[in-house]
Number of protein chains: 2
Amino acid sequence: MEYNEKQLAIINSAEKLFALNGFDGASVRDIAHEACVNLAMISYYFGSKEKLMEAVFEQRTTKIRLKVENLIQDTSIGNLEKVNILIDDYVDKFIHQQEFHKIMLREQLIEKNTPIAALIHELKKKNMESIKKLVMDGQKSGEFKKNIDVTLMMSTLVGTVSNIITCQSFYREMNNLENMTEIEFQKHVRKKLSTHLKNIFKSILTNEG
Amino acid sequence: MEYNEKQLAIINSAEKLFALNGFDGASVRDIAHEACVNLAMISYYFGSKEKLMEAVFEQRTTKIRLKVENLIQDTSIGNLEKVNILIDDYVDKFIHQQEFHKIMLREQLIEKNTPIAALIHELKKKNMESIKKLVMDGQKSGEFKKNIDVTLMMSTLVGTVSNIITCQSFYREMNNLENMTEIEFQKHVRKKLSTHLKNIFKSILTNEG
DNA sequence: AATAATTAATCAAACGTTTGTTTAGTTTTA
DNA sequence: TAAAACTAAACAAACGTTTGATTAATTATT
């Protein structure tokens with residue numbers, strides 16, 4: 001879908017306010033005001049608030065799919081190295097699209113079969129299948145051990161990153177990082193998360209001693 | 001606070017619907033209907049919807065504090081064993097109070113200084129301090145290694161459990177557990193999460209080979 | 001190239017619902 | 001019989017959406 005400037009302004013404002021206040025908590029009036037457009041333009045362009053939410057998803061999910069497919073093909077990289085690249089990719093995506101990820105977290109708490117729930121489900125399933133394949137490759141080559149619960153492992157990846165991002169201010173407080181600028185802090189967290197998760201994954205996947 | 005039967009019915013219904021639809025998504029009419037009480041009873045007993053939410057928190061957080069304080073005192077248990085007990089305690093609490101934890105997850109996405117945000121913050125801070133102390137004890141005794149990021153470690157605990165509980169149906173689907181009863185599944189997840197997290201924590205905390 | 005016709009974009013105002021809360025009255029309890 | 005518990009109805013405010021009018025931009029016609 002191609003959007004003009006005004007439509008993109010609405011989508012960006014919607015993303016921001018949906019992330020902050022939730023779908024029901026963010027009124028179309030607030031979104032219109034934030035985007036500096038007339039209230040009626042939202043219905044005019046997107047049809048409804050619900051459809052606007054779908055547009056936000058459509059706009060963001062296109063870029064969000066992990067680059068696993070291409071990565072798996074590459075024969076010049078070891079499988080553990082591939083996993084490490086994947087971790088960094090995931091951490092980066094989450095940090096740089098925090099608001100959208102917050103919407104996703106919220107949406108997953110609703111156990112209804114909305115069109116958005118279907119989009120999220122498909123996205124997760126595709127990623128999971130790719131990663132399962134990657135783990136199997138590592139097991140065949142002898143790099144990884146047997147009996148790995150990939151779902152559980154991915155929950156640790158996704159869960160840890162989600163938690164840190166959701167509780168940023170708490171993390172800052174606990175580690176006396178309140179004076180860091182936003183960019184400094186992002187860099188710090190990125191590095192910390194990366195090494196933390198790589199260590200965990202190494203311990204889950206290999207028989208390192 | 002002491003609540004009568006009707007008040008408890010309201011609190012329970014509110015917990016359920018807040019977890020499912022969020023604060024704004026759950027109307028007081030829905031809550032009243034679910035609790036089989038007249039709409040006006042909510043204002044009558046709790047004053048407002050906001051105060052009802054606070055009552056839900058007050059009612060649940062009293063039981064939720066991890067039993068770390070007592071645990072730390074106990075000299076008959078090793079520190080790694082204490083950590084393992086803590087993990088089981090946390091997993092159990094999360095599984096048996098899923099709805100309340102979903103509300104907490106949602107509430108943490110809102111970056112506003114609501115009374116509830118303050119309650120959550122205090123709860124987390126107290127737990128974090130206790131666990132930091134526990135880790136330090138383990139380091140002094142030589143059981144644990146140095147340079148442990150406790151915040152990051154706790155993010156992995158909380159994040160992994162949250163993620164699995166939030167995405168239960170996805171976890172079931174990925175592991176072909178759709179036919180399990182709710183209780184069987186809870187037992188299964190409990191065991192899986194427990195061993196998974198204990199392995200991770202052992203690897204984070206000790207120099208095991 | 002100038003004008004008419006058509007479409008798209010924009011807006012303030014109003015629509016009908018639903019929202020949380022209150023009222024004023026009734027029933028129950030002690 | 002006074003206080004507490006309870007209710008149906010009404011309240012104003014906020015909600016998402018639609019309307020009808022107006023302006024800007026594009027296309028068609030002469």
Side-chain angles (χ1 to χ4, degrees), chain A residues 1-59 103 106-107 109-110 112-117, chain B residues 1-59 103 106-107 109-110 112-117:
Chain A
M1 206 45 163
E2 295 260 328
Y3 295 113
N4 63 37
E5 230 175 279
K6 213 157 252 189
Q7 287 170 310
L8 288 173
I10 294 171
I11 289 179
N12 289 333
S13 302
E15 182 186 45
K16 181 178 167 183
L17 293 176
F18 284 152
L20 196 62
N21 306 321
F23 181 77
D24 295 299
S27 74
V28 288
R29 280 171 180 80
D30 288 345
I31 294 167
H33 184 257
E34 172 85 22
C36 299
V37 301
N38 186 278
L39 168 64
M41 297 309 290
I42 290 179
S43 293
Y44 178 72
Y45 277 131
F46 298 96
S48 69
K49 189 188 184 184
E50 190 81 41
K51 292 268 180 62
L52 170 57
M53 174 71 123
E54 289 175 38
V56 171
F57 264 77
E58 197 201 296
Q59 182 75 357
I103 298 178
R106 231 190 264 266
E107 209 62 26
L109 289 170
I110 306 168
K112 281 178 190 144
N113 290 327
T114 61
I116 287 154
Chain B
M1 205 44 163
E2 294 261 327
Y3 295 113
N4 63 38
E5 231 174 278
K6 214 158 250 188
Q7 287 171 310
L8 288 173
I10 294 171
I11 288 178
N12 289 334
S13 301
E15 181 187 46
K16 181 177 167 185
L17 293 177
F18 284 152
L20 196 62
N21 306 321
F23 182 76
D24 296 299
S27 75
V28 287
R29 278 172 181 80
D30 288 344
I31 295 168
H33 183 258
E34 173 86 22
C36 300
V37 301
N38 187 277
L39 167 65
M41 297 311 289
I42 290 179
S43 293
Y44 178 71
Y45 278 130
F46 299 96
S48 70
K49 190 187 183 184
E50 191 79 42
K51 292 267 180 63
L52 170 58
M53 175 70 123
E54 288 174 40
V56 172
F57 265 76
E58 196 202 296
Q59 181 73 356
I103 298 178
R106 232 190 262 267
E107 209 61 25
L109 290 169
I110 305 167
K112 281 177 190 144
N113 290 326
T114 61
I116 287 155

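So you know, we letter chains A, B, ... as the sequences are listed, proteins then strands, and number each from 1. Remember, predicted model here, so these are calculated numbers, not experimental data. What you see below is based on every heavy atom in this structure, not just the backbone, and it leaves out hydrogens, waters and symmetry mates.
Residue pairs meeting the salt bridge (charged side-chain N to carboxylate O under 4.0 Å, His left out) criterion with at least one member in residues 3-14 of chain B, sequence neighbours excluded, do not occur. Listed by first and then second residue, the side chain to side chain donor-acceptor pair (under 3.5 Å) pairs that reach into residues 35-55 of chain B are B:Asn4-B:Tyr45, sequence neighbours excluded.
At least one side-chain heavy atom of B:Leu52 sits less than 4.5 Å from a side-chain heavy atom of B:Ile31.
Side-chain nitrogen and oxygen atoms of A:Lys6 include at least one within less than 4.0 Å of the OP1 or OP2 phosphate oxygen of C:dT10. Contact annotation: A:Tyr45 side-chain N/O to C:dA8 OP1/OP2 distance is not under 4.0 Å.
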Q: Decide yes or no on side-chain contact (heavy atoms from CB on, under 4.5 Å) for B:Phe46 and B:Gln7, but give the supporting numbers first.
A: CA-CA 9 Å; B:Phe46 299 96; B:Gln7 287 171 310; 4.1 Å; yes

Q: Quick one: do A:Thr114 and A:Glu107 satisfy side-chain contact (heavy atoms from CB on, under 4.5 Å)? Show the steps, please.
A: CA-CA 9 Å; A:Thr114 61; A:Glu107 209 62 26; 4.2 Å; yes

Q: Go through the steps for B:Ile110 and B:Ile116 under the test side-chain contact (heavy atoms from CB on, under 4.5 Å), then give the verdict.
A: CA-CA 10 Å; B:Ile110 305 167; B:Ile116 287 155; over 6 Å; no

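Of the residues in residues 27-44 of chain A, A:Arg29, A:Asn38, A:Ala40, A:Met41, A:Tyr44 come within less than 4.0 Å of DNA chain C through at least one heavy atom, sorted by number.
When all heavy atoms are compared, the tightest approach of A:Leu17 to A:Ala26 is O-CB, 3.6 Å. Pairing each heavy atom of A:Asn21 with each of B:Asp24, the nearest pair is O-OD2, 4.0 Å. Residues A:Glu15 and A:Ile103 approach most closely at O-CD1, 3.4 Å, considering heavy atoms. Nearest heavy-atom pair, A:Ala9 versus A:Ala35, reported as atom, atom and distance to 0.1 Å: O-CB, 3.6 Å.
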Distances for protein N or O near nucleotides 27-30 of chain C N or O, under 3.5 Å:
none

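Put simply, CZ on A:Phe46 is 15 Å from P on D:dG16, counting in whole angstrom units. Atoms NZ (A:Lys49) and P (D:dT18) sit 14 Å apart, rounded to a whole Å. As a whole-Å value, the separation of B:Asp24 CG from C:dT18 C1' is 13 Å. Between the CG atom of A:Leu52 and the C1' atom of D:dT17 there is a distance of 14 Å, given to the nearest Å. To the nearest angstrom, C1' of C:dT22 lies 15 Å from NZ of B:Lys51. The CD atom of A:Glu50 sits 15 Å away from the C1' atom of D:dC15 (whole-angstrom rounding). Taking atom CZ of residue A:Phe18 and atom C1' of nucleotide D:dG16, one finds them 11 Å apart after rounding to whole Å. Taking atom CD on A:Gln7 and atom C1' on C:dT10, their separation rounds to 14 Å, with Å as the unit.
The terminal axes of the helix from C:dA1-D:dT30 to C:dA30-D:dT1, fitted over 5 pairs per end, subtend an angle of 10° to the nearest 10°.
With sequence neighbours excluded, the residues forming a salt bridge (Lys or Arg N to Asp or Glu O under 4.0 Å) with A:Glu34 are A:Lys16, listed by chain and number.
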